[in-house]
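These numbers come from the heavy atoms of this one structure, side chains and all, not from hydrogens, waters or symmetry mates. Numbered from 1 within each chain, the chains take letters A, B, ... in sequence-line order.
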Amino acid sequence: MAFAGRRDVPEPPDFGILKRLARDQLIYLLEQLPGKKDLFIEADLMSPLDRIANVSILKQHEVDKLYKVESRPAISASDQFCFLVRPRIKTMRYIADIVNADKMSGRSRKYKIIFSPQKFYACEMVLEEEGVFGDVTCDEWSFYLLPLDEDIISMELPEFFRDYFLEGDHRWINSIARALQLLNSLYGPFGKAYGIGRCAKMSYELWRDLEEESEADGQGRKPEIGNVFFMDRGRLERGGQQARAGQGGAVWAGSLPGGAGRACAGCREQQEVQGGWLQQSRLGRAVAGKEGGQGRSVRAAWAVALVADTDYVTALCSQVVYEGLVDDTFRIKCGSVDFGPDVTSSDKSIKVLLNAQDKVFSQIRNEHFSSVFGFLSQKSRNLQAQYDRRRGMDIKQMKNFVSQELKGLKQEHRLLSLHIGACESIMKKKTKQDFQEMIKAEHSLLEGFDIRESTSFIEEHIDRQVSPIESLRLMCLLSITENGLIPKDYRSLKTQYLQSYGPEHLLTFHNLKRVGLLTEQSAGETLTAVESKVSKLVTDRAAGKITDAFNSLARKSNFRAISKKLGLIPRVDGEYDLKMPRDMAYVFSGAYIPLSCKIIEQVLERRGWLGLEEVVRLLNGNEFSVSGSTSAPG
Amino acid sequence: MGNEVLQNHVLEAKVFHTEYGTGVAILTGAHRFSLTTNIDDLKLRRMPEVPGLQKPPSCWAVLSQDRVTIILLAVGQDLYLLDNTSCSVVTPPGMSPSAGAYLQMAVSFNYRCLALFTDTGYIWMGLATLKEKLCEFNSSIRSPPKQMVWCMRPQSRQRAVVVAWDRQLMVVGNSTECIQFVLDEDSYLVPELDGVRILSRTSHEFLHEIPEASQEIFKIASMAPGALLLEAQKEYEKESQKADEYLREIKDQKLLPEAVSQCIEAAGYEHEPDTQKSLLRAASFGKCFIDKFPAESFVHMCQDLRVLNAIRDYQIGIPLTFTQYKRLTIEVLLDRLVLRRLYPLAIRICEYLRLSEIQGVSRILAHWACYKVQQKDKSDEEVAHAINQKLGDTPGISYSEIAARAYDCGRTELAIKLLEYEPRSGEQVPLLLKMKRSKLALSKAIESGDTDLVYTVVLLLKNELNRGTFFMTLQNQPVALSLYRQFCKHQERETLKDLYNQDDNHQELGNFHVHSSYSEKRIEGRVGALQNALDEYYKAKNEFAAKATEDQIKLLRLQRHLQEDFDKPYLDLSLHDTVSNLILDGHHKRAEQLYREFKIPDKRYWWLKISALANRGDWEEMEKFSKSKKSPIGYLPFVEISVKHHNRYEAKKYAPRVTPEQRVKAFVLVGDLDQAADAAIEHKNETEMNFVLSKCTASTDAAVAEKLNRARAQLLKK
């Protein structure tokens, strides 16, 4: 999917600014502690930090040794310690232990804690309780948004999902609001904002408050970002043992008033990305592409969508596009991936940045896996043909070729062999695991056929200890599509799971139940009963305000009703053409159109929620749509 | 200011200004000096002793040079410099030896110049560094003057000293002449930035050097462009053609812009509105004849004069000069007006100068409101209403600040009423806490969406309330409760238990105990924690969790026995892995025992057993097992698992036992294409035939392929 050649797609705003800002601030903070210092970095900040400032930049600013937080330092002689951490209580205790140990042994050092993206009062309090508050200095590294690609930015907040949706902890709303403020100050006021979900609404409102307090004069600027879309959406983290489902409220771009726009932002989550976000951001492009194709007039404006618990299904289905599979197999971290020796066909692994700069990758990332091999072989034939042109060249042409084309060709050659290697690896892994049968089971779950058969498939999957995460994923998918498991299955599947993977998962199940991912159909409670309960909550606003967040957590899925309303399960006669897809469902081999993407498509088409009342009700309400004060007439 | 002051009293004190702020120097009864350079950051410095000082010095002054503050004092005919560490005798350059004893000294407003007066009537004037003499003068008055001060204007080279005796004022400078004035009353001199204020009981006069611009214009018979312009304008008003002549004269010299500037500048120095007006009129008249004369200077001067005239009014009584006003800045002036509670005037000035609301009007209104809350004669409602009426939603107004002031005055109820007007709930919290309205503070903090604020309140409440009430308060605020739970999870796990206990949340208590069981090292401890969990789960009526926990306890105990019996790690394995390990190690009986005890489903047990046996390579046992009874998982898994372990020989044994539907696949797996083909043909299934065909290679399996092709053709014919 190349965009460059499309005139109806406006250029993305320069998200590089975000990187430069973050880097400059980090350098400034490091300089605040002059002289040589050891830097302790929180594990999950390592990948994002790598994208902002590499080791040599850190060394330039007198960082001596680098340590990972949670591994005790090998006896360090440095007089200055700098900690680059997330605002977590656990980390504070770790720091306090170091400081207290130094005190005991009579060592005096300087300690500086840099919180990213912001400091929380609870952290300071822990420092105080541990008696080290006076020994450390604290700073904030306002690193809210990391551009992963030309058109995706992410907040990289791994604990957001767990904190908000499981624990009901609202800490991060403030961070989201501040990130929005940053976007707003850098790229001008947003043209239009749409949102759905309680978290989305809170984020939006808090952001508005922040804007009012700061009284920034963003007025009169040309908006570079057209539409903002807020959505609560949940996501299961596959690596999670205890429904550590992590999700930072993915942000992505839908399309703008005129019609076109590309995926551009993602407050994406965690180290172990399920990868759903990838598909969706691409889908955003798919949406955009479709609309652009209708030849509407286009304004040069960009769209950002903040997607934050609405659409679990998307995250629970197996990925079948190339980028998704790469993520499944090798884990994409902050837009880069480590290809092991089996891919590189040498003895060392290579770190590769996966973004639009990679010419090979950018063409296959969104393609269904079945067509990737064909594309790659075509590509290698083309490459060979270009190499072959050398024959029969005269000296001058040859010189030209070497100086201008050869480097590009070599680069492409290198990438091509890497991606072919990756494909082979994926194939090997997927064929081993009865991937086909799993996909089949997923599709029947989505369509609501042969539930018994799928349930036995899941049971066998558990009994054979195929993979704890995959088993859990299938169970959740079953629960959501069927609006909870029937009590007999609920008990037996859980029992089987505990026998296979250990009794500690008792807590996992409890957490999954709380977020509504894996629930039991209660005897008397039919779908309509749940609905009326939900709508009662929505009307009774005062009560809603307090209990809403908690009820939404325990909310039951209305998957069937919503997918019927929005046509999320395409009815296809015959084979689904994956090479020339008709809709976004191609990302799941034609079985399912991701809900979040469909909603964005619909809202942008309608310029609001009008006509979507039923869907909104099923999604538990809290929708809004606000026009920016500066939005020009479209 | 220390013990010394308490014991010896202060004889004299002098206020001075430095880069650091306003300072004070004192002379104590013990004839010692102490000083502080900044009264806002009080650090008292005791200066060294002056040798042989028995009585107070005849005069002294504070000098400030290069950021160092020193004291100059005179004792009889000697001058001493006191700095931080030492005391030295100095002699000013060019001092006449017969000058006599010092009586008076004066430091200029800018601390650059120093004047000394001796008992012979001699005045020495020089730099405060005592490195250079500027001039000297002999007044031939021997009596000590009451006061001596410098009179100078910034940027002017003319410096003069004003000396005052009882009824006489003498201005001396770099000249043999002096100017003398008679004082009608007892007067006091105040040196200022650009002149000297002379205050007496009935009058207030300002003595200053006439600025250049005024001199040029008003000097008798002056031909300066400004003077001519003023004259021209006057003639113009008289409708005389002389106006044109004067104007021409200025224009011929091309000095019209200078003339206009001169008039504007001179207007600033005038105190009489009429004179100001005539000068400004002249400037405006002159402007007409210049192309593109920038209007700013004229407009600003008009505005400044209007402000100055307003504050010079006797009812206000702030007779600032233009130079002083400019140095002070409008902000400081507004502060002074606010301090004098001249709110309406201050507001009108802000509006007139079009200052931004936050800097101007709102700030003044806020001050007004803070004053208003102190009016005790009005009821809370009245005051709150009056304030809100006036302030409304003016941007930049902080109702919380006003409320804080009301609280300081002891009017808590008023403060709460005022806080209601505060739109930012976050701002209300600190004051509410201070007023001990913690519960209200908590709900406001939650409203603000700022979790840090919620934490602040929660932790304050924690210390303030007893545990029971604290928990009850949290129960009503889910947002705060979940924040506090998060905190406890990491920092105070025991509190977490109490929290769950409080609202009889047995499910969470059970989870809590399960969680704790993992941090127990000893097996007894773990079982104990799990037993607690079990009880809680029963109370929560969660039979599933209770059963699972019971099983876990059983498993743990069993694993401990296994570990003891076989000296191998079994603890913390899942049931599946435990049984699997037992089979791997050949303890089939024990495995069988667990299978029955935990009611492991047959399917799982078969899967588990064959894969463990295959891993162990115990094909004999596997075959025995396969014959023990009918397999609940069929026989294809036997084939698959044997093939996986590259044992085709074993795999072949099971292939015929596979159900007919899967038999083709089984034969293909074991590599027996011939049999696979037969099975497929038997089933008359085209897809199966094709599947087998695709596995055939031309060289080796030609016969099979042919057989298949034939069968397929036959099938198609039908």
Side-chain angles (χ1 to χ4, degrees), chain A residues 88-90 92-93 118-126 129-130 163-164 167-174 177 202-203 205-206 209-210 212-213 215 456 459-460 462-465 487 490-492 494-507 509-511 520 545-547 549-550, chain B residues 358 395-396 423-424 426 446 448-456 459 476-479 481-483 485-487 489-491 507-508 510-511 514-515 518 530 533 542-545 547-549 551-552 555-556 572-577 579-580 598 600-601 603-608 611 633 637:
Chain A
R88 292 181 187 134
I89 290 173
K90 221 173 105 197
M92 293 307 111
R93 297 253 296 272
Q118 63 184 112
K119 181 170 69 185
F120 287 131
Y121 177 70
C123 294
E124 290 183 315
M125 214 172 51
V126 172
E129 281 189 5
E130 303 287 324
D163 278 353
Y164 182 81
E167 314 277 4
D169 179 343
H170 294 182
R171 286 185 297 166
W172 299 106
I173 305 280
N174 191 272
M202 288 197 327
S203 309
E205 282 169 358
L206 190 62
D209 287 353
L210 283 180
E212 268 168 41
E213 271 175 48
E215 304 191 38
S456 355
E459 201 171 332
E460 191 185 309
I462 297 169
D463 284 354
R464 296 175 60 189
Q465 289 185 309
Y490 186 61
R491 293 182 64 104
S492 79
K494 283 200 312 191
T495 313
Q496 296 303 317
Y497 196 90
L498 294 181
Q499 291 192 356
S500 269
Y501 303 116
E504 66 271 24
H505 290 288
L506 188 62
L507 298 179
F509 288 122
H510 177 73
N511 287 342
E520 181 180 4
K545 211 163 181 179
I546 305 163
T547 50
F550 294 88
Chain B
I358 295 162
R424 292 162 298 171
I446 291 166
S448 78
D450 182 347
T451 48
D452 275 3
L453 210 56
V454 181
Y455 264 127
T456 320
L459 294 160
N476 299 325
Q477 299 284 6
V479 176
L481 180 61
S482 51
L483 277 171
R485 265 200 212 121
Q486 284 279 75
F487 177 76
K489 258 182 200 160
H490 296 103
Q491 191 72 358
Q507 174 66 36
E508 286 293 350
N511 291 345
V514 171
H515 213 284
Y518 287 100
L530 287 174
N542 187 339
E543 279 153 40
F544 176 82
K547 178 77 176 41
T549 311
D551 281 351
Q552 198 188 346
L555 184 63
L556 266 174
D572 284 331
L573 293 178
S574 70
L575 178 63
H576 185 110
D577 294 339
V579 179
S580 184
F598 287 93
I600 295 176
K603 275 187 178 176
R604 172 193 294 283
Y605 188 63
W606 281 67
W607 274 114
L608 179 162
S611 62
I633 53 171

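The minimum heavy-atom distance linking Ser574(B) with Gly502(A) is given by the pair CB-N, 3.2 Å. Closest of all the heavy-atom pairs between Leu507(A) and His515(B) is CD1-CD2, 3.9 Å.
In terms of heavy-atom pairs under 4.5 Å with chain A, the best-connected choice from Asn542(B), Asn511(B), Leu573(B) is Asn511(B). When the candidates Lys603(B), Gln486(B), Gln507(B) are compared by the number of heavy-atom contacts under 4.5 Å with chain A, Gln486(B) comes out ahead. Chain B forms the most heavy-atom pairs under 4.5 Å with one residue out of Met202(A), Lys90(A), Glu129(A), and that residue is Glu129(A). Among the candidates Thr549(B), Thr456(B), Leu481(B), the residue making the largest number of heavy-atom pairs closer than 4.5 Å to chain A is Thr456(B).
Atom CD1 of Ile633(B) is separated from atom CG of Asp463(A) by 9.5 Å, given to the nearest 0.5 angstrom. Considering OG of Ser482(B) and NE2 of His170(A), their distance stands at 6.0 Å, rounded to 0.5 Å. With values rounded to the nearest 0.5 angstrom, Ser492(A) atom OG is found 9.0 Å from Phe544(B) atom CZ. Atoms NZ and CG, from Lys547(B) and Leu498(A) in turn, are 10.5 Å apart once rounded to the nearest 0.5 Å. To the nearest 0.5 Å, the span separating CZ on Arg171(A) from CG on Leu483(B) amounts to 8.0 Å.
Lys494(A) touches chain B through backbone and side chain together, each having a heavy atom under 4.5 Å away. There is no contact between Ser580(B) and chain A, counting heavy-atom distances below 4.5 Å. Residue Tyr605(B): no heavy atom, backbone or side chain, is found under 4.5 Å from chain A. With a 4.5 angstrom heavy-atom cutoff, Met125(A) touches chain B only via side-chain atoms. When heavy atoms are compared at a cutoff of 4.5 Å, Glu459(A) does not approach chain B at all. Interface remark: Glu205(A) contributes no atoms to any contact with chain B (heavy atom separation under 4.5 Å).
Side-chain contact between Tyr501(A) and His576(B) is absent, with no heavy-atom pair separated by less than 4.5 Å. Side chains of Arg604(B) and Ser500(A) form a contact here, defined as non-hydrogen atoms less than 4.5 Å apart. His510(A) places a side-chain heavy atom less than 4.5 Å from the side chain of Glu508(B). With a 4.5 Å cut-off on side-chain heavy atoms, Gln491(B) and Arg93(A) count as touching. The closest side-chain heavy-atom distance from Leu459(B) to Tyr121(A) is below 4.5 Å.
A side-chain N or O of Gln465(A) and one of Asp577(B) form a donor-acceptor pair less than 3.5 Å apart.
Partner of Gln499(A) under the side chain to side chain contact (heavy atoms under 4.5 Å, CB included) criterion, out of Leu575(B), Val579(B), Asp551(B): Leu575(B) alone.
At distances below 3.5 Å, not a single donor-acceptor pair connects side-chain atoms of Arg464(A) with backbone N or O atoms of Leu608(B).
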